[in-house]
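As structure tokens, the structure follows; a few thoughts come after it.
One-based numbering along the sequence shown. What you see below is based on every heavy atom in this structure, not just the backbone, and it leaves out hydrogens, waters and symmetry mates.
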Amino acid sequence: MRRICRISVVVLAFALFASDHATAQPLVYTAESLESWIINADRVWIARIVRVRDEPIPGGSEKPGITIAVEETLKYPIFEQRHEKMGLFVEHPTARFKDVEERSSRLLIAHSDHHQFSPKLIELTPGKVEVLRADFTILRTPEAVLQAAREIIGRVPPNVRQLHTVCLTIPPDVPFDSKRGPHGQLIVPVDEPLETLAIGWLDSENYSSRSKAAEVLRYFKSEANIDRLRGLLQDTGYSEQLADDRTRTKYYGVRDQAYQTLKAWGINVERPVIIESNRGQDQ
């Protein structure tokens, strides 16, 4: 699955047990929205870990594993048989799974064939839940997470197994306590709600939001969106850049993204002024 993330350091901060805790403070963290987490999983359970195995299977796999007791199966391949207990292979170290087993925590577990040794877990314990949805809504109770998970699964056709994802900057006013650094991005699926979100950003006073909207809308070609992007070709928002001769230039990023999207759609439009020097010279 190709993810468009323009970041220098990527740390998956959404699934607390999907990867080891980082030893250094990252410059940028990436959280995964519940929508992306659920839609791009092959199996989703409400379950508890009842055993963690470190030793290899005699004559079989060298990998450790966990056994889960399934309370409810929320998502599963149509032609696979469901079981009340499931064994999953995992990567070392297993301490994080043992901690959850000792607490007998109720979990939301997502498992993907593409990452079969890295099941993702959300601990459904009051006070321990903090999950971001694709619209930056924060869920902080087990009930809210499960209700949202069921809603997401219910609106995705069973033949849809994977969706493209993109990274969106988490707005500074979203109180998401990642403890991972001062900046963050959120992985979201490319679906109809994302188009709605992007269209809303076109009217934002924030230059970066309008630029991101023009980029994201590349996935959603329509006559209405063509008209919307044509209207951005004269957008006045810009950021300052330093040219090779040490003079400052204006970069009209919204125009650039709108133009690139229209060209990707095969729409014949005149290239707008995208870089302008202090002398007003088009480049």
Query raised in the report: Do Val129 and Thr141 pass the side-chain contact (heavy atoms from CB on, under 4.5 Å) test, and can you show the C-alpha distance, the side-chain angles, and the key distance before you say yes or no?
Result: CA-CA 6 Å; Val129 179; Thr141 68; over 6 Å; no
Report task. Could you tell me if the ring centre of Tyr238 sits under 6.0 Å from that of Tyr252? Result -> yes
Answer yes when [X] and [Y] have at least one side-chain N-carboxylate O distance shorter than 4.0 Å, and no when they do not.
{"X": "Glu151", "Y": "Arg155", "answer": "yes"}
{"X": "Arg48", "Y": "Glu101", "answer": "no"}
{"X": "Asp42", "Y": "Lys75", "answer": "no"}

At their closest point, which heavy atom of [X] faces which heavy atom of [Y], and how far apart are they?
{"X": "Tyr259", "Y": "Arg271", "answer": "CE1-CA, 3.5 Å"}
{"X": "Ala198", "Y": "Ala213", "answer": "O-CB, 3.2 Å"}
{"X": "Asp256", "Y": "Tyr251", "answer": "OD2-OH, 2.7 Å"}
{"X": "Met86", "Y": "Val70", "answer": "CG-CG2, 4.0 Å"}
{"X": "Ala69", "Y": "Lys85", "answer": "CA-CG, 4.3 Å"}
{"X": "Tyr207", "Y": "Ser239", "answer": "OH-OG, 3.6 Å"}

Heavy-atom side-chain contact between [X] and [Y] under 4.5 Å:
{"X": "Val44", "Y": "Leu108", "value": "yes"}
{"X": "Thr94", "Y": "Asp54", "value": "yes"}
{"X": "Leu107", "Y": "Ile68", "value": "no"}
{"X": "Ile39", "Y": "Asp191", "value": "yes"}
{"X": "Leu229", "Y": "Ile226", "value": "no"}
{"X": "Ile187", "Y": "Ser33", "value": "no"}
{"X": "Pro189", "Y": "Glu35", "value": "yes"}
{"X": "Leu197", "Y": "Val188", "value": "no"}

[Y] and [X] side chains, donor-acceptor separation under 3.5 Å:
{"X": "Asp135", "Y": "Thr137", "result": "yes"}
{"X": "Glu123", "Y": "Ser105", "result": "yes"}
{"X": "Arg210", "Y": "Gln257", "result": "no"}
{"X": "Arg51", "Y": "Thr67", "result": "no"}

In Å and rounded to the nearest 0.5 Å, what is the [atom1] to [atom2] distance from [X] to [Y]?
{"X": "Trp45", "Y": "Glu84", "atom1": "CH2", "atom2": "CD", "answer": "14.0 Å"}
{"X": "His164", "Y": "Leu194", "atom1": "NE2", "atom2": "CG", "answer": "12.5 Å"}
{"X": "Asp203", "Y": "Ser209", "atom1": "CG", "atom2": "OG", "answer": "11.5 Å"}
{"X": "Arg255", "Y": "Leu233", "atom1": "CZ", "atom2": "CG", "answer": "9.0 Å"}
{"X": "Ile122", "Y": "Ile46", "atom1": "CD1", "atom2": "CD1", "answer": "11.0 Å"}
{"X": "Ile199", "Y": "Leu217", "atom1": "CD1", "atom2": "CG", "answer": "6.0 Å"}

Requested in this report: Kindly determine whether Trp37 and Lys120 satisfy side-chain contact (heavy atoms from CB on, under 4.5 Å), including the steps that lead there.
Outcome: CA-CA 8 Å; Trp37 201 80; Lys120 299 175 183 179; 3.1 Å; yes
**Report entry** side-chain contact (heavy atoms from CB on, under 4.5 Å) between Trp201 and Asn206, worked out
**Finding:** CA-CA 8 Å; Trp201 288 343; Asn206 185 282; over 6 Å; no
For [X], I'd like to know if atom [atom1] has over 12 heavy atoms of other residues, nucleotides or ligands within 6.0 Å.
{"X": "Glu192", "atom1": "CD", "result": "no"}
{"X": "Asn268", "atom1": "CG", "result": "no"}
{"X": "Glu72", "atom1": "CD", "result": "yes"}
{"X": "Glu55", "atom1": "CD", "result": "yes"}

Query raised in the report: Can you name the residues that form a ring-ring contact (aromatic ring centres under 6.0 Å, His included) with Phe220, not counting sequence neighbours?
Result: none
Counting only N and O atoms by type, is there a donor-acceptor contact under 3.5 Å from the side chain of [X] to the main-chain atoms of [Y]?
{"X": "Thr125", "Y": "Lys128", "result": "no"}
{"X": "Thr261", "Y": "Ala214", "result": "yes"}
{"X": "Arg230", "Y": "Ala258", "result": "no"}

Query raised in the report: What's the verdict on salt bridge (charged side-chain N to carboxylate O under 4.0 Å, His left out) for Glu240 and Lys250, showing C-alpha distance, side-chain angles and the deciding distance?
Result: CA-CA 5 Å; Glu240 287 194 344; Lys250 295 178 181 180; over 6 Å; no
Query - Residue pair Thr236, Val254: steps toward the side-chain contact (heavy atoms from CB on, under 4.5 Å) verdict - result: CA-CA 8 Å; Thr236 57; Val254 181; over 6 Å; no
Query raised in the report: Residues in side-chain hydrogen bond (donor to acceptor under 3.5 Å, both in side chains) with Arg228, at least two apart?
Result: Asn225
Query - Single-linkage hydrophobic cluster, 4.5 Å side-chain cutoff, Val50 and Val90 together - result: no
Query raised in the report: Out of curiosity, does Ile57 fall in the hydrophobic cluster containing Val52 (side-chain heavy atoms, cut-off under 4.5 Å, transitive links)?
Result: no
Report task. Please work out whether the ring planes of Phe117 and Phe89 are parallel, tilted or perpendicular, with thresholds of 30° and 60°. Result -> perpendicular
